[in-house]
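Keep in mind that this is a model prediction, so the values were computed, not measured.
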Amino acid sequence: MRSKRVAAFVLSASLCSLALSGAQAAVSVSFKDPDKFTDMAGREGGPADQRLLRELTAYFGKLGEKYLRPGQELSVEVSDIDRAGRVRPGGGINSPRILTDATWPKMTLRYELRDGGKLMASNAETLRDQSYLSHALPSGEGDDLRYEKRMLDDWFAVRFDPSAR
């Protein structure tokens, strides 16, 4: 008798797990003409740095897991990125970025939020963090997008945090 109850519980737990995994929030990200972005070129001004685009895509997904409810879908199309700071002229893409008050991160995007297929929000926005140098951030060694990620953190919290509604 006990083995039947255990088997029934395991089966119920498995079905519940499948139902929850099918209802998870999803984020899809696309980049419109990334080779023309203000500040995402690869070496020597070549094509957009695919590593950075993959890292941003993954970060959007991470924020979606944190802020979106199960069943919600967020589609984001990024049309421009201007990273924090500037590389010295002739310095190359691997040169350190010079950060000043006038070189804040900026991202232009369009998004749609759907819940169960129903459109809940849609807008085109330009995100900026003009006070990016005043935020306490870890040194971020090795994180080339730390200021842009911070800007996305703030945007998600304002747009999609259910506790703020």
For the pair Phe37 and Val78, evaluate side-chain contact (heavy atoms from CB on, under 4.5 Å) and give the outcome as yes or no after the intermediate values. CA-CA 9 Å; Phe37 285 1; Val78 179; 4.1 Å; yes
Report the C-alpha distance between Arg114 and Met120 in whole Å, list the side-chain angles of each, state the deciding distance to 0.1 Å, and finish with yes or no for side-chain contact (heavy atoms from CB on, under 4.5 Å). CA-CA 5 Å; Arg114 296 184 179 276; Met120 304 302 289; 5.8 Å; no
Going through the distances and angles, do Leu74 and Tyr111 end up as a side-chain contact (heavy atoms from CB on, under 4.5 Å)? CA-CA 7 Å; Leu74 177 65; Tyr111 74 93; 3.9 Å; yes
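Taking every heavy atom of both residues into account, Glu125 and Arg159 meet most closely at OE2-NE, 2.7 Å. The two residues Leu109 and Phe60 have their closest heavy-atom pair at CD2-CZ, 4.4 Å. Considering every non-hydrogen atom in both Tyr67 and Asp153, the closest pair reads OH-O, 4.2 Å. For the residue pair Gly85 and Arg97, the shortest heavy atom distance occurs at O-NH2, 3.0 Å. Listed here is the closest heavy atom pair of Arg86 and Thr103: CG-CG2, 3.7 Å.
Side-chain atoms of Thr57 and Arg54, non-hydrogen and from C-beta on, never get closer than 4.5 Å to each other. Phe156 places none of its side-chain heavy atoms less than 4.5 Å from the side chain of Asp161. Contact annotation: the side chain of Val29 never approaches that of Leu56 to less than 4.5 Å [non-hydrogen atoms, C-beta and beyond]. Within the 4.5 Å cutoff, side-chain heavy atoms of Leu113 are placed close to those of Gln72.
Judged by distance alone, the side chain of Asp33 and the main-chain N or O of Asp35 form no donor-acceptor pair under 3.5 Å. Using a distance-only test at 3.5 Å, with no hydrogens or angles considered, a donor-acceptor pair links the side chain of Arg83 to the main chain of Asp144. No donor-acceptor pair closer than 3.5 Å links the side chain of Glu65 to the backbone N or O of Lys62. Asp143 places a side-chain N or O within donor-acceptor distance of the main-chain N or O of Leu145, the cut-off being under 3.5 Å. At distances below 3.5 Å, at least one donor-acceptor pair connects side-chain atoms of Asp129 with backbone N or O atoms of Tyr132.
Note on Trp104: it clusters hydrophobically with Leu99, by side-chain heavy-atom contacts below 4.5 Å among ILVMFWY residues.
Atom CG of Asp101 has 12 or fewer heavy atoms from other residues, nucleotides or ligands within 6.0 Å.
Atom OG of residue Ser28 and atom CD of residue Glu77 lie 10.5 Å apart, to the nearest 0.5 angstrom. Note: Trp155 CH2 to Met107 CE = 9.5 Å, rounded to the nearest 0.5 Å. Note that OG of Ser30 is 11.0 Å distant from CG of Leu53, once rounded to the nearest 0.5 Å. Remark: Ser75 OG to Glu112 CD distance equals 6.0 Å, nearest 0.5 Å. In this structure, the separation between CG on Leu127 and CG on Asp82 is 12.5 Å, given to the nearest 0.5 Å. Arg110 CZ to Ser79 OG: the interatomic distance, rounded to the nearest 0.5 Å, is 8.0 Å.
Salt-bridge annotation for Glu148 and Arg146: absent, with no side-chain N of the basic residue lying under 4.0 Å from a carboxylate O of the acidic one.
A side-chain hydrogen bond (donor to acceptor under 3.5 Å, both in side chains) with Asp80 holds for exactly one of Thr38, Thr108, Thr126; it is Thr38.
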